[in-house]
Amino acid sequence: DGDRLSVSVFFTIDEEGQLVKEVEPTFTRGVIRTRMRLSYNDVDSALAEEGGPSGLPADVFEDLRTLARVTGARRRLRADHGAVFLERSRYFFHTDEDGRIQSVEREASSSVSHHLIEELMVLANHVVASKLVEAGKEFLGAGSSPPAAAAADEAALPQPLLRHHPDTEGKVLAKVFEILPEHLRDSAPRGVPLAKLLDWCRQHW
């Protein structure tokens with residue numbers, strides 16, 4: 001595929017899935033060069049085979065095993081803190097040379113390969129969001145407000161301020177109650193933090 005320009009986020013997580021705070025995440029422009037192209041099913045099959053699959057370089061296989069291990073720990077950590085995981089499946093059509101459908105394959109989203117990608121994407125978003133919040137605080141300063149001229153012109157405001165969404169937890173709490181079955185809605189705890197409500201939902205739903 002050739003080289004591709006990118007904006008990359010580099011961070012370090014430990015064996016327990018925790019973001020290592022002592023190692024500051026870095027943001028940089030770079031170039032990505034693809035070594036191998038693997039589907040979700042390819043990765044799942046590789047990780048399921050004892051000793052690794054034939055044809056897959058040993059260093060690539062070891063990298064996949066490491067990523068699967070630490071992202072698995074990260075997923076369990078997020079679940080313990082109230083994360084909700086929505087599972088979806090996708091279907092793929094296999095066609096012949098004339099475009100006629102030969103078979104249909106169902107790809108489950110609840111697999112190691114999907115979780116690997118999801119956890120890295122979620123953590124990258126978390127790191128970027130934390131950086132944006134930090135940049136917004138540096139712009140405002142302690143206890144200050146944006147200049148009136150800047151507030152009147154969105155183009156003058158930094159992106160961290162434009163992306164600020166107040167009372168996000170309250171909106172999510174309301175949405176959770178909205179989608180709860182009626183027999184659970186009446187007994188669900190109210191006035192509790194989102195994490196506790198989600199924990200209750202996992203136990204009773």
Side-chain angles (χ1 to χ4, degrees), residues 1 4-21 23-28 30 32-49 52-53 56-57 59-93 104-134 159-160 163 165 168-169 171-173 175-176 178-180 193-203 205:
D1 293 341
R4 296 190 178 188
L5 299 178
S6 70
V7 177
S8 300
V9 182
F10 293 91
F11 48 80
T12 303
I13 52 179
D14 60 24
E15 290 286 341
E16 285 71 44
Q18 294 276 11
L19 184 66
V20 179
K21 296 181 180 179
V23 182
E24 184 74 18
T26 57
F27 304 80
T28 183
I32 292 179
R33 177 170 296 172
T34 303
R35 286 189 57 194
M36 295 195 69
R37 185 177 295 276
L38 301 172
S39 69
Y40 287 108
N41 288 337
D42 290 337
V43 174
D44 287 331
S45 298
L47 293 173
E49 294 184 29
L56 188 65
D59 60 333
V60 174
F61 175 64
E62 286 304 317
D63 286 345
L64 288 176
R65 288 184 59 186
T66 299
L67 288 172
R69 186 171 65 253
V70 297
T71 54
R74 180 72 187 176
R75 191 174 184 85
R76 290 189 294 273
L77 183 67
R78 292 202 304 122
D80 291 342
H81 286 79
V84 173
F85 304 106
L86 303 178
E87 303 293 352
R88 294 187 301 175
S89 297
R90 295 191 299 175
Y91 290 86
F92 295 90
F93 297 93
V104 180
E105 179 182 356
R106 178 179 178 271
E107 183 182 81
S109 62
S110 183
S111 70
V112 175
S113 60
H114 284 85
H115 295 168
L116 188 157
I117 296 297
E118 290 167 8
E119 293 306 317
L120 292 176
M121 290 178 65
V122 169
L123 185 52
N125 287 337
H126 168 77
V127 171
V128 171
S130 298
K131 190 67 175 179
L132 291 173
V133 170
E134 179 184 332
Q159 287 300 309
R163 293 177 180 271
H165 302 286
T168 302
E169 179 161 330
K171 294 177 180 177
V172 176
L173 282 167
K175 189 65 177 179
V176 171
E178 180 182 325
I179 64 177
L180 274 176
L194 177 61
K196 289 189 176 181
L197 174 60
L198 295 177
D199 184 56
W200 184 91
C201 290
R202 284 201 306 271
Q203 296 175 17
W205 195 350

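The structure displayed is predicted, hence computed values, not measured ones. Note: hydrogens, waters and symmetry copies are ignored here, and every other heavy atom, side chains too, is used.
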Undergrad: For the CG atom of Asp44 and the NE2 atom of His115, what is their distance to the nearest 0.5 Å?
TA: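 Interatomic distance, Asp44 CG to His115 NE2, rounded to 0.5 Å: 9.5 Å.
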Undergrad: In plain terms, say whether Asp59 and Arg35 are close enough for a salt bridge, that is, a side-chain N and a carboxylate O under 4.0 Å apart.
TA: yes
Undergrad: For a quick test of reading the model, state the closest non-hydrogen atom pair linking Gly17 to Ala73 and the distance between them.
TA: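 Closest approach of Gly17 to Ala73, heavy atoms only: N-CB, 3.8 Å.
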Undergrad: Lys171 versus Lys175: any side-chain heavy-atom pair under 4.5 Å?
TA: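 Not in contact.
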Undergrad: Which heavy atom of Tyr40 sits nearest a heavy atom of Ser113, and at what distance?
TA: O-OG, 3.2 Å
Undergrad: What heavy-atom pair brings Leu64 and Leu56 nearest, and what distance separates the two atoms?
TA: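 Answer, listing the atom of Leu64 first, then Leu56: CD1-CD2, 4.1 Å.
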Undergrad: Which heavy atom of Val20 sits nearest a heavy atom of Asp14, and at what distance?
TA: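 So the two residues come closest at CG2-N, 3.9 Å.
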Undergrad: Does Ser39 use its side chain to pair, donor to acceptor, with the backbone of Asp42 at less than 3.5 Å?
TA: yes
Undergrad: Under the side chain to side chain contact (heavy atoms under 4.5 Å, CB included) criterion, do Cys201 and Leu180 qualify, and how do the steps go?
TA: CA-CA 9 Å; Cys201 290; Leu180 274 176; 3.9 Å; yes
Undergrad: For residues Phe27 and Val128, report the shortest heavy-atom separation together with the two atoms involved.
TA: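 That would be CE2-CG2, 3.7 Å.
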Undergrad: For Thr66 and Asp63: C-alpha separation, side-chain torsions, deciding distance, then whether side-chain hydrogen bond (donor to acceptor under 3.5 Å, both in side chains) applies.
TA: CA-CA 5 Å; Thr66 299; Asp63 286 345; 5.4 Å; no
Undergrad: How far does OG1 of Thr71 sit from CZ of Arg76, to the nearest 0.5 angstrom?
TA: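 Thr71 atom OG1 to Arg76 atom CZ measures 9.0 Å (nearest 0.5 Å).
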Undergrad: Can you list the steps and then say if Val122 with Arg78 is a side chain to side chain contact (heavy atoms under 4.5 Å, CB included)?
TA: CA-CA 10 Å; Val122 169; Arg78 292 202 304 122; 4.0 Å; yes
Undergrad: Considering residues, nucleotides and ligands other than Met36, do more than 12 of their heavy atoms fall under 6.0 Å from its CE?
TA: yes
Undergrad: Locate the shortest heavy-atom distance separating Leu67 from Leu116; write the atom from each residue and the value.
TA: CB-CD1, 3.7 Å
Undergrad: For Leu77 and Gln18: C-alpha separation, side-chain torsions, deciding distance, then whether side chain to side chain contact (heavy atoms under 4.5 Å, CB included) applies.
TA: CA-CA 8 Å; Leu77 183 67; Gln18 294 276 11; 3.7 Å; yes
